[in-house]
Structures are given as structure tokens and as C-alpha cells.
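What follows is a single structure, written as C-alpha cells, with notes after it.
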Amino acid sequence: MCYRRWKLCLNFVEKEPSKLILGSMRLLESDWTLKQWVEFFVKIHGLGIEKIHSSMEYESFDLFRAIIQMLNDERPDVCFDHIVKIGNPHFDEASFQYEKLLSSIQSYCTALNTDKIGDLQWMWRSNLNDDEKRISLFQKETDAIAKAAETLKREGLIDRVLCFPYSPAFAFAAVEADGIDGLAVYRNINEPEYEPALARCGELGKDAIIIRPFAAGSLVNGEKGSPKSLFDESLDMPAIEAAIVSSSNLDHIAELVH
């Protein structure tokens, strides 16, 4: 098991965290062996990337879990913090359920051979077609969610709760709630819808990570700027601390990191 707090990574010099979080969703697009993936993860860690985003809903999750297992076995000095996404309530549910959330977090910890999930990307799904009702139901349970977040942190199972809101209106409601530490939202030059909520996030001293800074790859042709300039522009708000990028191109990652 990889315990960052024990400093197994043998890196005792404090450094600024990378603004790039590796996304695991597209791992299956590369026909690599587990050994090649382990080598890749070792190299990105050497570039300063220490956070990886994953989800059991991704088809790539079984591969990702196998990579992490081999990495832990062969390179226990290379440690990553995990960001995972969990919907609670799910699409067919109408209320928040702490026991289900706890069970989901424990399942992730077991699958990823870790004692803690760094950031929980939490989602109130319910009925996405009725945003007003979804927000109303959420606001009725903010105390229960705050209590759940406090308990999970106290027990050392998570560090933060970042809300993926599905809508700007829900983002505003979520960022005001005590149990929500920040946001995880889309942002790039074609998708600015969450910028007002991100601004409010910064005003409250909360944090945010952004998803698909290249608009799911549609911006990488260079017509609207270089990948580096697009990446930097997507991060250009005070509350935003990092962006999730799904890529197995080491040169591309190195360019963004530097």
C-alpha cells in the first residue's frame, strides 16, 4: 500500500504541486503492456505529476487498477494521490445516502490499494432533466452532506469534496454549502459557462479543478492556440489549481508541465 505520509517517495524537498492531473479515461486508446504503462507512470511522476483521476464507470478502470497494482509492487517509491468520482444519489435515486457513499469510497481504496482518496469528485445526479428540483433536494440535505464530509475526513478516508454540478445553477448552490470544498467543472475557451461559479469559488476561498481544458480534444488542432497556451488559459482564474488531461503522449505532457 502506498502511504504518502510516510514519505516512501524519498522526495523530502517541498515543491509546487503540478497543475496537470493525469486522467485515466483514455488508457485503452494505447495498446501498451502493463510494463510499458508502469514505465509511463514512473516518467510522469518524474515530471512532477502526483495526482491521477479515475472512475469505476470508465471502461479503462480495470486496466488502471492493474497498472497501479504493478506500480505498487515494482516501484513503491512512486506514489500518486487519487481523485475519483462518485454519484450519490445516482440517477435512479432521490436522496443522499451516507452508507452508500462510504461503501463506494472503501471500494475505491481497496481497488487502488490506498488508504485514502485525495479528492472526491462528488455528484448529485438524481433527475438531471429537472435542475430546479435537483437543487432543491440537494439544499435540503446540505447538513447531512457536510456531516458526512466531516466524518470521512476525520476518519482519514478523503481530503476534500469537490462537486461536479452538471449545471452552472447547481454549481452556485454547491459552492455555498459547508460540506463542499470546491468545484470540478468543465472550462476551456469554448466552454466558459462555469466561470461565474468559479469566481464565486475563489471569493469563498475554495478550490477548483477543471476538466477537458482542450474541449475533449477539439481544440488540439492549433487553430486557437498552442496546447500550452490553451492549457495555461484554462487555468487562468484564482480558484483553479489544476486541470485534468487524459493523454499517453509523454512529450505532450512534458510540454504542458513545463
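Just so you know, these numbers come straight off a predicted model, no measurement behind them.
- Gly23 and Ile244 get closest at one heavy-atom pair: CA-CG2, 3.7 Å.
- Transitive grouping of hydrophobic side chains (ILVMFWY, heavy atoms separated by less than 4.5 Å) brings Leu34 and Ile52 into a common cluster.
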Is there a salt bridge (charged side-chain N to carboxylate O under 4.0 Å, His left out) between Lys153 and Glu150 once you walk through the steps?
CA-CA 5 Å; Lys153 293 173 187 177; Glu150 180 182 356; over 6 Å; no

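- Here the CG atom belonging to Leu71 is positioned 12.0 Å from the CZ atom belonging to Phe40, to the nearest 0.5 angstrom.
- A donor-acceptor pair under 3.5 Å links the side-chain atoms of Trp122 to the main chain of Asn88, judged by distance alone.
- Remark: side-chain polar atoms of Tyr108 are paired, donor with acceptor, to backbone N or O of Met56 under 3.5 angstrom.
- The aromatic rings of Trp37 and Trp32 lie tilted to each other, with the angle between the two planes from 30° to 60°.
- Residues Ile189 and Leu256 fall within the same hydrophobic cluster, defined by Ile, Leu, Val, Met, Phe, Trp and Tyr side chains chained together at heavy-atom separations under 4.5 Å.
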What verdict does the salt bridge (charged side-chain N to carboxylate O under 4.0 Å, His left out) test give for Asp232 and Lys228, after you've listed the backbone C-alpha separation in whole Å, the side-chain angles of each residue and the deciding distance to 0.1 Å?
CA-CA 6 Å; Asp232 290 343; Lys228 176 61 174 172; 3.4 Å; yes

Take Glu176 and Leu204, measure what side-chain contact (heavy atoms from CB on, under 4.5 Å) needs, and give me the verdict at the end.
CA-CA 8 Å; Glu176 298 290 342; Leu204 294 171; 4.0 Å; yes

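- Between the CD1 atom in Ile67 and the OG1 atom in Thr33 there is a gap of 9.5 Å [rounded to 0.5 Å].
- Under the 3.5 Å distance criterion, the side-chain polar atoms of His45 are matched with a main-chain donor or acceptor of Cys79.
- The two residues Cys201 and Gly182 come nearest to each other via the heavy atoms SG-CA, 4.2 Å.
- Considering every non-hydrogen atom in both Leu137 and Ala94, the closest pair reads CD1-O, 3.8 Å.
- Met123 and Ile210 are assigned to two separate hydrophobic clusters, defined by single-linkage of ILVMFWY side chains at heavy-atom distances under 4.5 Å.
- Residues Ser248 and Glu29 form no side-chain contact, since every pair of their non-hydrogen atoms from C-beta on lies 4.5 Å or further apart.
- The structure places CG of Asn188 at 11.5 Å from CG of Leu235, a figure rounded to the nearest 0.5 Å.
- Connection of Phe214 to Ile44 is established within a shared hydrophobic cluster, with ILVMFWY side chains joined at heavy-atom distances below 4.5 Å, either directly or through further cluster members.
- For Asn249, the CG atom counts as densely surrounded, since its 6.0 Å shell holds more than 12 non-hydrogen atoms of other residues, nucleotides or ligands.
- Closest approach of Ile253 and Ser247 over heavy atoms only: CD1-O, 3.5 Å.
- Between the side chain of Ser136 and the main chain of Glu132, no donor-acceptor pair closer than 3.5 Å is present.
- Here the side chain of Ser24 pairs a donor or acceptor atom with the backbone of His53 at under 3.5 angstrom.
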Expected list for residues 154-175: side-chain donor-acceptor pairs under 3.5 angstrom, two or more places apart:
{"residue": "Asp159", "atom": "OD1", "partner": "Lys116", "partner atom": "NZ", "Å": "3.0"}
{"residue": "Arg160", "atom": "NE", "partner": "Asp119", "partner atom": "OD1", "Å": "2.8"}
{"residue": "Arg160", "atom": "NH1", "partner": "Asp207", "partner atom": "OD2", "Å": "3.0"}
{"residue": "Arg160", "atom": "NH1", "partner": "Glu241", "partner atom": "OE1", "Å": "3.3"}
{"residue": "Arg160", "atom": "NH1", "partner": "Glu241", "partner atom": "OE2", "Å": "3.2"}
{"residue": "Arg160", "atom": "NH2", "partner": "Asp119", "partner atom": "OD1", "Å": "3.4"}
{"residue": "Arg160", "atom": "NH2", "partner": "Asp119", "partner atom": "OD2", "Å": "2.7"}
{"residue": "Arg160", "atom": "NH2", "partner": "Glu241", "partner atom": "OE2", "Å": "2.6"}
{"residue": "Tyr166", "atom": "OH", "partner": "Arg125", "partner atom": "NE", "Å": "2.8"}
{"residue": "Tyr166", "atom": "OH", "partner": "Arg125", "partner atom": "NH2", "Å": "3.4"}
{"residue": "Ser167", "atom": "OG", "partner": "Asp131", "partner atom": "OD1", "Å": "3.2"}
{"residue": "Ser167", "atom": "OG", "partner": "Asp131", "partner atom": "OD2", "Å": "2.6"}
{"residue": "Ser167", "atom": "OG", "partner": "Phe170", "partner atom": "N", "Å": "3.1"}

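- Contact check for Leu198 versus Arg187: side-chain heavy atoms found under the 4.5 Å cut-off.
- With respect to Ser54, the side-chain contact (heavy atoms from CB on, under 4.5 Å) criterion is satisfied by exactly one of Leu22, Leu27, Leu112, Ile83: Leu112.
- Atom CG in Asp130 sits 9.5 Å away from atom CD1 in Ile135 (nearest 0.5 Å).
- Note: Phe64 and Phe41 have tilted aromatic rings, judged against thresholds of 30 and 60 degrees for the angle between ring planes.
- Side-chain contact check for Leu102 versus Glu99: some heavy-atom pair is nearer than 4.5 Å.
- Closest approach of Glu93 to His90, counting heavy atoms only: OE1-N, 2.8 Å.
- In this structure, the side chain of Arg134 engages the main chain of Trp124 through a donor-acceptor pair within 3.5 Å.
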Using side chain to side chain donor-acceptor pair (under 3.5 Å), reason through Asn72 and Gln69 one step at a time and then give a plain yes or no.
CA-CA 5 Å; Asn72 289 345; Gln69 182 61 62; 5.6 Å; no

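- Side-chain atoms of Asp178 never come within 3.5 Å of backbone atoms of Thr142 as a donor-acceptor pair (strictly under, hydrogens ignored).
- The two residues Lys206 and Ala177 come nearest to each other via the heavy atoms NZ-O, 2.8 Å.
- Placement of Ile86 and Met25 in two distinct hydrophobic clusters is found when ILVMFWY residues are connected by side-chain heavy-atom separations under 4.5 Å, directly or transitively.
- Proximity of His82 to Ile117: side-chain heavy atoms (C-beta onward) are separated by under 4.5 Å at one or more points.
- Here Leu152 contributes atom CG and Ile105 contributes atom CD1; the two are 4.5 Å apart, rounded to the nearest 0.5 Å.
- Contact of the Pro89 side chain with the Phe138 side chain is not registered, since no non-hydrogen atoms from C-beta on lie closer than 4.5 Å.
- The shortest distance between side-chain heavy atoms of Leu47 and Leu20 does not fall below 4.5 Å.
- Distance check: Ser234 OG to Ile211 CD1 gives 12.0 Å after rounding to the nearest 0.5 Å.
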